[in-house]
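Have a look at the structure below, then the notes.
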Amino acid sequence: MSRQTTENGPLTVDASTGRKTVLRRVQVLFTVTVVIPIIFVAGVFYYQVRSILEDQGYVRLRDATRFNGSYLVQRLLQSSEQLRDLQK
C-alpha cells in the first residue's frame, strides 16, 4: 500500500485495486494468447474438414451413379436377350 499526496489531501491506493488491475490484465493476456488462436485453428480445421467431406461426397456420388448405370445397362442387356429368346 502506497500513499501519495495531492492538493486536496492524501491519496491512498488500495491493494484490491491493484489486484483487480492485474487480474484484468491476466484475463486479457489469456484471451489473446490462448482463446483467439484456438478459435482461429478451429476455423481453419472446420474449412479443411468440410472440403474433405465434400470431396468424399462427390466421389461416393460418382461411384454410386456409375454402379447404378452399369447395373441398369446389365439389366437392359438381359431383357434384350430374353426378348430375342421369346421371338425365336
Side-chain angles (χ1 to χ4, degrees):
M1 195 162 29
S2 64
R3 291 183 172 243
Q4 297 176 351
T5 57
T6 62
E7 296 173 1
N8 296 334
L11 176 68
T12 59
V13 176
D14 213 1
S16 65
T17 305
R19 277 188 238 143
K20 287 180 184 178
T21 303
V22 170
L23 182 61
R24 192 174 305 124
R25 288 180 182 171
V26 169
Q27 286 174 340
V28 169
L29 186 63
F30 176 79
T31 301
V32 169
T33 59
V34 174
V35 174
I36 293 175
I38 287 174
I39 291 172
F40 175 75
V41 169
V44 169
F45 283 158
Y46 170 76
Y47 286 112
Q48 286 180 344
V49 168
R50 192 184 89 202
S51 173
I52 289 170
L53 290 176
E54 280 182 3
D55 292 343
Q56 285 179 356
Y58 289 134
V59 167
R60 287 182 179 177
L61 181 62
R62 185 192 68 219
D63 291 343
T65 304
R66 184 177 293 156
F67 173 78
N68 288 334
S70 65
Y71 179 75
L72 181 63
V73 168
Q74 182 183 7
R75 292 289 302 209
L76 287 172
L77 289 174
Q78 287 175 354
S79 298
S80 175
E81 288 177 17
Q82 287 177 355
L83 285 174
R84 271 193 236 129
D85 289 342
L86 287 175
Q87 286 179 344
K88 291 183 181 179

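Ser51 meets the side-chain hydrogen bond (donor to acceptor under 3.5 Å, both in side chains) test with no other residue; sequence neighbours excluded.
For the atom pair CG of Leu53 and CZ of Arg60, the computed distance is 9.0 Å after rounding to the nearest 0.5 Å. Of the inter-residue distances, the one linking Arg24 atom CZ with Gln27 atom CD reads 8.5 Å to the nearest 0.5 angstrom. In this structure, the separation between CD1 on Ile52 and OH on Tyr47 is 15.0 Å, given to the nearest 0.5 Å.
More than 12 heavy atoms of other residues, nucleotides or ligands shown are found within 6.0 angstrom of CZ on Arg62.
Within the structure, salt bridge (Lys or Arg N to Asp or Glu O under 4.0 Å) pairs that include any residue of residues 35-57 comprise Arg50-Glu54 (at least two apart or interchain).
Between the side chains of Ser80 and Arg84, at least one donor N or O lies within less than 3.5 Å of an accepting N or O.
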Output a table of donor-acceptor pairs, distance under 3.5 Å, between side-chain atoms of residues 36-46 and any protein atom two or more places apart or on a different chain; print 'none' if there are none.
none

